[in-house]
Number of protein chains: 2
Amino acid sequence: MTNIREIARLAGVSVSTVSRVLNEHPYVREEKRRRVLAAVEELNYIKNANAVHLSKGKTYCIGVVIPFLNLPYFGEVLQGIAGEALKHGYHLKIFQTNYEKEAELDAFHRLRMKEVDGLILASRANSLEALQPFMEGTNVVFCENLSGVEKKVFINHYEAVRTAMDHLHSKGHKDIGLCIHRTFGTNSEERVRGFFDGAEAAGYKIQDGWIFNDCISLQDGREVVGQWESLGERPSALIVTSDQVSAGIVSQAGRKGISIPDELAILSFDNHPISEVFDITSFDVPIRQLGEEAFKLFLKEEPSSPVILETTLFERKTM
Amino acid sequence: MTNIREIARLAGVSVSTVSRVLNEHPYVREEKRRRVLAAVEELNYIKNANAVHLSKGKTYCIGVVIPFLNLPYFGEVLQGIAGEALKHGYHLKIFQTNYEKEAELDAFHRLRMKEVDGLILASRANSLEALQPFMEGTNVVFCENLSGVEKKVFINHYEAVRTAMDHLHSKGHKDIGLCIHRTFGTNSEERVRGFFDGAEAAGYKIQDGWIFNDCISLQDGREVVGQWESLGERPSALIVTSDQVSAGIVSQAGRKGISIPDELAILSFDNHPISEVFDITSFDVPIRQLGEEAFKLFLKEEPSSPVILETTLFERKTM
DNA sequence: GTGAAAGCGCTAACAT
DNA sequence: ATGTTAGCGCTTTCAC
């Protein structure tokens, strides 16, 4: 492997001059610059990134902590982060966790080892307390409304669900259920909080069994329909936190002859293209923007206030 | 930042002993090992990954060259690579290209800079000739049947499309169209080749306008229906290379009162969950396995023969 | 403008 | 078993 010293020798200059040329620093006489460039060409020189990283104490690489790579939601977040990162000359290193705490902690370890310059947590498995010992002096961005952290960007899920409740209320619904991905995690908790607050404000009663957990995929949505059918008292409307799930519900309802929205209204989230295909009324959630803002927060030096992203209702035919 | 030398000093040993302890090498007396570990604890020492990378000439990181992150196909490939990589202590660095040649070349540059130990090309924008100058002595895996490269894994698209043609033939179809993502790229070319070979073998005639390009999303599928309708002579069946597109077609056909499969049969690819929802007959394509095999090829030292993955038909109701 | 030299922090061959 | 030392390859301060 040819290095900067060999270039210097061949060009008849010092290594610092070579370094200056390579990094486009000023104060190099044109003739020497040319000699260096010629030597680089002749020896087929490529600079070693790891040496640069070590010397600079920086890698221009950001770690993304993410549970899965094959879900539309996370794909869109990634796309947002990657697009913004590219603009600033950064690359992404993926730390896929499957929501395993160990895997998540490993990402923090890598951060402390300076393998990456910072971390974006697209979703989180560990408690903040478990993470805190590894966070001092680091640059970590959270994609949730987590109190006690400096950098965060999140969708205003609480407000969105409350708005959803209001909308259903105005359509005459009083028996409302909720389909949700998981019950832990700030984003989910905020949704659930909005759900109960909304119910209380409107004087609804929420029945046991009207909250459906672990709903993330099309298949999960199809199964919800069966569960809904087997209920004694059934909600007349469902707030569903993913268009994938909603699509599963709508499709399965179609097969079973359940009329939507007459027998069951659906108010969904994401405004994913699939919601258009199924004519599902859905809140647009700026997921890609979430990723973009997360990266911008990473770049920020000074502490900045949380970035809050709002949702927008797209009315179609399931409510 | 505390380094290995400080640890050595505090523990009263040499740096090599510290290194041995840290890397679990043998031949360290238990007492010294303990002293080192105590010093590590006391100074809160974390080893610097970049120094290790530089010294070892290895990063345990593999680059993945990929056009988009938010498409189901590529999400699944990523998931496959990441899962296998994790097993072997590797991480993924993402080089998102949007199919821009420059961005793709940049990935090769990073490889030569030793920023990553190898590259997996999930999909390719440059010609092999354009890439070749940057490939000597490197470890690159292609996810396509590209002649002239050492490491490759690919789906047998040719055979799959030929089988598809046979199936449609046996159902009485003679006018067959093709929906495809793009026309360049080996995978697409193989499909097109299978399409024309199949037609020729069965004595079909393929009309102009029966090949629909740029079909990748749900929305694209919906638009295909309009194009199909405006055709003078229409194919009675469509081979569609993505379930997303098929779902768009089926859904749009439903709205327009076009009967599937009577007026238009659909034979799709991927066996994505969405094909189950829409009851679409689809070839299962082992996409995740593609990713896994790609990573295994990366690890292989000796040259190995291409890995060829076959598809499996799942019959449902669109044919 | 240019060069010498001191890092950056770790690994591993060699000597003992 | 353990220590010494020469790398790995680049950046950057300081002096001229």
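Just the heavy atoms: all of them, side chains too, but no hydrogens, waters or symmetry mates, feed the values below. Just so we're on the same page: letters track the sequence lines, and every chain starts at 1.
Rounding to whole angstrom units, CD1 of residue A:I4 and C1' of D:dG7 are separated by 16 Å. Here C:dC8 presents its P atom at 18 Å from CE of A:M113, a figure rounded to the nearest Å. We find that NZ of A:K56 is positioned 18 Å from P of D:dG9, with the value rounded to whole Å. Here the P atom of nucleotide D:dC10 and the CD1 atom of A:I7 are 9 Å apart, to the nearest Å. Here the P atom of nucleotide D:dA1 and the CZ atom of B:R35 are 16 Å apart, to the nearest Å. With rounding to whole Å, A:L22 atom CG is found 15 Å from D:dT12 atom C1'. The OH-P distance, from B:Y27 to C:dA13, rounds to 14 Å in whole Å. Remark: P of D:dG9 and OH of A:Y45 are 9 Å apart, rounded to the nearest angstrom.
Listed nucleotides D:dT2, D:dC10, C:dG1 differ in distance to A:R29; the shortest reach to its side chain belongs to C:dG1. Between C:dA12, D:dC10, C:dC10, one nucleotide has an atom nearer to the side chain of B:H25 than all others, and that is C:dA12. In this structure, the nucleotide among C:dA12, D:dT2, D:dT11 sitting nearest to the side chain of B:V15 is C:dA12.
Note on A:S19: a side-chain N or O is less than 4.0 Å away from OP1 or OP2 of D:dT11. Contact between the side-chain N/O atoms of A:K58 and the OP1/OP2 oxygens of C:dC8 is not found at any separation under 4.0 Å. When the side-chain nitrogen and oxygen atoms of B:K32 are compared with OP1 and OP2 of D:dG3, one or more of them lie within a distance under 4.0 Å. Of the side-chain N and O atoms in A:S55, none sit less than 4.0 angstrom from OP1 or OP2 of D:dC10. Put simply, B:R5 has no side-chain N or O that comes within less than 4.0 Å of OP1 or OP2 on C:dC10. For the pair A:S16 and C:dG3, the criterion of a side-chain N or O lying under 4.0 Å from OP1 or OP2 is not met. Side-chain nitrogen and oxygen atoms of B:N23 include at least one within less than 4.0 Å of the OP1 or OP2 phosphate oxygen of C:dT11. Between B:K114 and D:dC8, a side-chain N or O to OP1/OP2 separation shorter than 4.0 Å is absent.
Minimum heavy-atom separation, A:I287 to A:E76: CG2-CB, 3.8 Å.
Of the residues B:N3, B:I4, B:V40, B:N23, the one that meets the side-chain contact (heavy atoms from CB on, under 4.5 Å) test with B:K47 is B:N23.
A residue-by-residue look at A:L54 and A:P26 shows that A:P26 has its nearest nucleotide of DNA chain C further toward the 5' end. Along DNA chain D, the nucleotide closest to B:A51 and the one closest to B:V28 are compared, and the more 5′ of them pairs with B:V28.
Counting atom types as modelled, A:R20 pairs a side-chain N or O with a base atom of C:dG3 as donor and acceptor under 3.5 Å.
Cation-pi check for B:R124 over B:Y99 is not met; the charged atom does not lie both under 6.0 angstrom from the ring centroid and within 45 degrees of its normal.
You'll find the ring centres of B:F134 and B:H109 outside the 6.0 Å limit. When ring centroids are compared, A:Y90 and A:F295 come within the 6.0 Å threshold.
In this model, a donor atom of one side chain and an acceptor atom of the other lie less than 3.5 Å apart for A:T59 and A:D117.
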